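Mind looking over this structure? Questions follow.
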Amino acid sequence: MTQQTNPRISKYPHLKQDFAASLVVFLVALPLCVGVAVASGVPAELGLVTGIIGGIVTGMMRGSSLQVSGPAAGLTVLVFEAVQEFGLPALGVIVLAAGLLQLAMGALKLGRYFRAISISVVEGMLAGIGLVIIAGQLYAAAGLKAPASGLDKILGLPGAAVDAVGSTEALASLAVGAGTIAVMLLWKRLPKGAQSVPGALAAVVLATLATLAFSLPVATVEVNGLLDSVQPPGSDAFAELANPALLGTILAFTLIASAESLFSAAAVDRLHDGPRTEYDKELMAQGAGNAVCGALGALPMTAVIVRSSANVQAGAKTKASRVLHGVWLLLFAALLPSALALIPLPALAGILVHAGWKLIPFRAVASLWRGHRGEALILVVTAVSIVAVNMFEGVLIGLALSVAKTAWEASHIKLEVIDKGAGPVQVYLSGNATFLRLPKILDSLEGLPQDRPVELDLSGLHHLDHACRTALENWAERHSAVGTEPVKVTTEV
């Protein structure tokens, strides 16, 4: 007697694992969606909208099967600055344009080239973002208004601490924020059964219960309602596209969101044995999600390593888990929106302080310093530049340093002088002669005896740029002009 296979099970062989994983990812994503939105200066519901789109829209598309997208702590600083400068209606235009650019780059198969960005620049970017998030959310944890710039946030912390000590409300708020961080840190030490509930969610629930039980004077999330919060950009917002500063912000959103998503994809690929990421298709999936988010006036999205790793560790096998997590977020936003109003703001600040701390790659800095100090310097300079200036310019400074370092190392040149005491002085150049090494080359050549003939052998050069060629020709003319024999130049073996 043959045993019949349930056709539903054969069609969805991993449904049980994906269903269980989707619930875990939903519980991880919920407090982060709300926290990132509040920290970005936008209604909490917009964070949920982006999480829903990241799950349902981006989740259904091809690219990386197990990584999960949503609002990311890494874009919090950039979004906050954009909302402060251009207003909330313009945010939709920025995110929509960034999404369309991502779609275009994916269609042109440019996704793979993001892997060429120096990892030191990316880690420096995350470290700078982490520092600004931590500094800004420490003010939020105390119920105080944070300064605008990253540098002012850090420099103003001592004064904020003095203000907080003299205020009962600020101390109560700080206690809730500190308690949230403590729960998240201690949660990892509990038995594995307890850890089936994500630490961030447990911390928010406990902070909410403590606030209600003790009637603490702590600010809570402001609830507008999902439909009221969704505001598609109007014609006035699109008129802002004539502003060059807005175009720079769009470019920053595009590059940073794309780099963060594709680096996350590479990291997630190392966590599982399933299909590898198709980078160009993943970039298009991110672009489609951001285009929809922009059309609804929501936050930008990236792939988020916290949710993605939780998805893999929970046993997800297909993209069904991330799609289902988006469905759960939608049901929560539709059925339980009033629950958001109970969440204390300092609890969300605590979650983001914890997230910001995890963005700072302490081990990577120490490892690079031991073996590659130039890369460590690029990482630190990128982070400091983001704090001192802003996100976009800080990343550009890091990229410029990375390119300069690579060019310097690529322009390795060896200059050998053989002087037998009589006859011509023989000079051999090998390697890559570029303008970066020109001072060293000219110093050596100009130090040769003026009254002796010179044989300059360039046959060992792999590359001779125009600046070096011109400088060598000018030097040869000057050396020959003092009455000695013309410099003999050999360019081929």
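Numbers here are sequence positions counted from 1. Remember, it's a predicted structure, so these values are computed and weren't measured experimentally.
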Task: Close side-chain approach of Val42 and Leu299, heavy atoms under 4.5 Å - done: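 Yes, close enough: below the 4.5 Å cut-off.
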
TODO: Indicate the atoms forming the closest heavy-atom contact of Thr249 with Ala82, along with that distance.
DONE: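 Scanning both residues, the minimum pair turns out to be CG2-CB, 4.1 Å.
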
Task: Crowding at NE2, His463 (>12 non-hydrogen neighbours, <6.0 Å) - done: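 Atom NE2 in His463 is crowded, with more than 12 foreign heavy atoms closer than 6.0 Å.
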
TODO: Using a 4.5 Å cut-off on heavy atoms from C-beta on, say whether the side chain of Pro43 contacts that of Leu88.
DONE: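 They are in side-chain contact.
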
TODO: Take Val36 and Leu352 through the side-chain contact (heavy atoms from CB on, under 4.5 Å) test and state the conclusion after the steps.
DONE: CA-CA 7 Å; Val36 168; Leu352 286 168; 4.1 Å; yes

- [ ] State whether the side chain of Ser264 and the backbone N or O of Glu260 hold a donor-acceptor pair below 3.5 Å, judged by distance alone.
- [x]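 Not confirmed, Ser264 side chain does not pair with Glu260 backbone.
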
Open item on the list: Checking Arg307 against Asn311 for the side-chain contact (heavy atoms from CB on, under 4.5 Å) test, could you report, in this order, the C-alpha distance in whole Å, the side-chain angles of both residues, the deciding distance, and whether it holds?
Closed with: CA-CA 6 Å; Arg307 292 170 214 179; Asn311 191 37; over 6 Å; no

Open item on the list: Taking the side chain as everything from C-beta on, heavy atoms only, tell me whether Ser69 gets closer than 4.5 Å to Gln286.
Closed with: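 Yes, close enough: below the 4.5 Å cut-off.
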
Open item on the list: With a 3.5 Å distance limit and no angle check, can you tell me whether Lys319 reaches the backbone of Ser65 through a side-chain donor-acceptor pair?
Closed with: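 No: the side chain of Lys319 does not pair with the backbone of Ser65.
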
Open item on the list: Test your reading of the model: is there a side-chain donor-acceptor pair from Ser430 to the backbone of Leu461, 3.5 Å cut-off?
Closed with: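 Side chain of Ser430 to backbone of Leu461, a donor-acceptor pair under 3.5 Å: no, none is there.
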
- [ ] Determine yes or no for a side-chain-to-main-chain donor-acceptor pair under 3.5 angstrom, with Ser261 supplying the side chain and Ala257 the backbone.
- [x]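 Looks like yes, one N/O pair under 3.5 Å.
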
Open item on the list: Taking atom CD as the centre, does Glu485 end up with more than 12 heavy-atom neighbours from other residues, nucleotides or ligands that are less than 6.0 angstrom away?
Closed with: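 It does not: Glu485 CD has 12 such atoms or fewer within range.
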
TODO: Determine, stepwise, if the pair Val132 / Lys153 fulfils side-chain contact (heavy atoms from CB on, under 4.5 Å).
DONE: CA-CA 7 Å; Val132 176; Lys153 285 183 174 72; 4.3 Å; yes

Task: Separation between CG of Leu472 and NE2 of His479, rounded to the nearest 0.5 Å - done: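 The CG atom of Leu472 sits 13.0 Å away from the NE2 atom of His479.
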
Open item on the list: Using a 3.5 Å distance criterion without hydrogens, assess whether the side chain of Arg373 forms a donor-acceptor pair with backbone atoms of Trp369.
Closed with: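 Such a contact is found between Arg373 side chain and Trp369 backbone.
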
Open item on the list: Return the CG to NE2 distance between Leu185 and His354, rounded to the nearest 0.5 Å.
Closed with: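 Interatomic distance, Leu185 CG to His354 NE2, rounded to 0.5 Å: 5.0 Å.
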
Task: Asn432 versus Thr434, side-chain donor and acceptor atoms under 3.5 Å - done: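 Judged by distance alone, the side chains do not pair up.
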
Task: Chi angles and distances behind the side-chain contact (heavy atoms from CB on, under 4.5 Å) call for Leu78, Ile256 - done: CA-CA 10 Å; Leu78 198 59; Ile256 292 170; 4.1 Å; yes

Open item on the list: Minimum heavy-atom separation for Met184 and Ala203, please, with both atom names.
Closed with: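 Shortest heavy-atom separation between Met184 and Ala203 comes out as CG-CB, 3.7 Å.
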
Open item on the list: How about CZ on Arg276, more than 12 heavy atoms from neighbouring residues, nucleotides or ligands closer than 6.0 Å, or not?
Closed with: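 Check passes, neighbour count above 12.
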
Open item on the list: Is there a side-chain contact between Thr277 and Gln67 in this structure, where contact means two heavy atoms from C-beta onward sitting under 4.5 Å apart?
Closed with: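 They are not in side-chain contact.
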
- [ ] State whether the side chain of Tyr139 and the backbone N or O of Leu157 hold a donor-acceptor pair below 3.5 Å, judged by distance alone.
- [x]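 Here the side-chain-to-backbone pair exists.
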
Task: Considering all heavy atoms, the nearest Leu442-Trp475 contact - done: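 Here Leu442 and Trp475 meet closest at CD2-CB, 4.5 Å.
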
TODO: Please report the closest heavy-atom contact between Ile441 and Cys468, naming both atoms and the distance.
DONE: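 Ile441 and Cys468 have their closest heavy atoms at CD1-SG, 4.2 Å.
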
Open item on the list: Keeping Asn290 on the side-chain end and Met301 on the backbone end, is there a donor-acceptor pair under 3.5 Å?
Closed with: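 Checked: pair present.
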
- [ ] To the nearest 0.5 angstrom, please state how far the NE2 atom of His272 sits from the OG atom of Ser308.
- [x]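 Going from NE2 on His272 over to OG on Ser308, the span is 9.5 Å.
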
TODO: Just grab all the side chain to side chain donor-acceptor pair (under 3.5 Å) pairs involving residues 48-60, residues at least two apart or on different chains.
DONE: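 Output for this query is empty, none listed.
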
Open item on the list: Under the rule for salt bridge (charged side-chain N to carboxylate O under 4.0 Å, His left out), what residues qualify as partners of Glu375, not counting sequence neighbours?
Closed with: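 Counting only residues at least two positions away or on another chain, Glu375 forms a salt bridge (charged side-chain N to carboxylate O under 4.0 Å, His left out) with Lys405.
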
- [ ] Calculate, to the nearest 0.5 Å, the distance between atoms NE2 and CD1 belonging to His325 and Ile56 respectively.
- [x]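 Result: 9.0 Å between the selected atoms.
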
Open item on the list: Could you tell me if the side chain of Ser40 sits less than 4.5 Å from the side chain of Val83, heavy atoms only?
Closed with: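 Counting from C-beta outward, Val83 and Ser40 never come under 4.5 Å.
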
Open item on the list: Quick one, Leu368 and Ser120 - any side-chain contact, counting heavy atoms below 4.5 Å?
Closed with: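 Leu368 vs Ser120: side chains touch.
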
Task: Heavy atoms from other residues, nucleotides or ligands near CH2 of Trp357 exceed 12 (cutoff 6.0 Å) - done: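 No - once you tally the heavy atoms of other residues, nucleotides and ligands closer than 6.0 Å, there are 12 at most.
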
Task: Considering all heavy atoms, the nearest Leu456-Leu445 contact - done: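 Nearest pair, atom of Leu456 first, then Leu445: CD1-CD2, 4.4 Å.
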
Open item on the list: By the salt bridge (charged side-chain N to carboxylate O under 4.0 Å, His left out) test, which pairs, at least two apart or in different chains, include something from residues 280-298?
Closed with: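 Sorted result for residues 280-298: Arg112-Asp280, Glu278-Lys281.
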
Open item on the list: Just verifying a value: how many Å separate Ile250 CD1 and Ile94 CD1, rounded to the nearest 0.5 Å?
Closed with: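 So the CD1 of Ile250 and the CD1 of Ile94 are separated by 6.0 Å.
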
- [ ] Please round to the nearest 0.5 Å and tell me the distance separating atom CG of Leu345 and atom CD of Gln137.
- [x]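 Taking CG in Leu345 and CD in Gln137, the distance rounds to 9.5 Å.
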
Open item on the list: A quick test of your reading: do over 12 heavy atoms of other residues, nucleotides or ligands sit less than 6.0 Å from CZ of Phe86?
Closed with: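 For Phe86, atom CZ is crowded (more than 12 foreign heavy atoms under 6.0 Å).
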
Task: Given Val387, Leu359, Ile360, the one that forms side-chain contact (heavy atoms from CB on, under 4.5 Å) with Ile129 - done: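 Testing each of Val387, Leu359, Ile360 against Ile129, the sole residue satisfying side-chain contact (heavy atoms from CB on, under 4.5 Å) is Leu359.
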
TODO: Side-chain contact test, heavy atoms from C-beta onward, threshold under 4.5 Å: evaluate it for Leu241 versus Leu246 and give yes or no.
DONE: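 A side-chain contact exists here, since the closest heavy-atom pair is under 4.5 Å.
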
Open item on the list: I need the minimum non-hydrogen distance between Ser321 and Ala21, along with the two atoms involved.
Closed with: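 For Ser321 versus Ala21, the nearest heavy atoms are CB-CB, 4.1 Å.
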
Open item on the list: What I'd like to find out is whether the side chain of Thr382 reaches to under 4.5 Å of the side chain of Leu401, using heavy atoms alone.
Closed with: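 Result no, sub-4.5 Å side-chain heavy-atom pair not found.
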
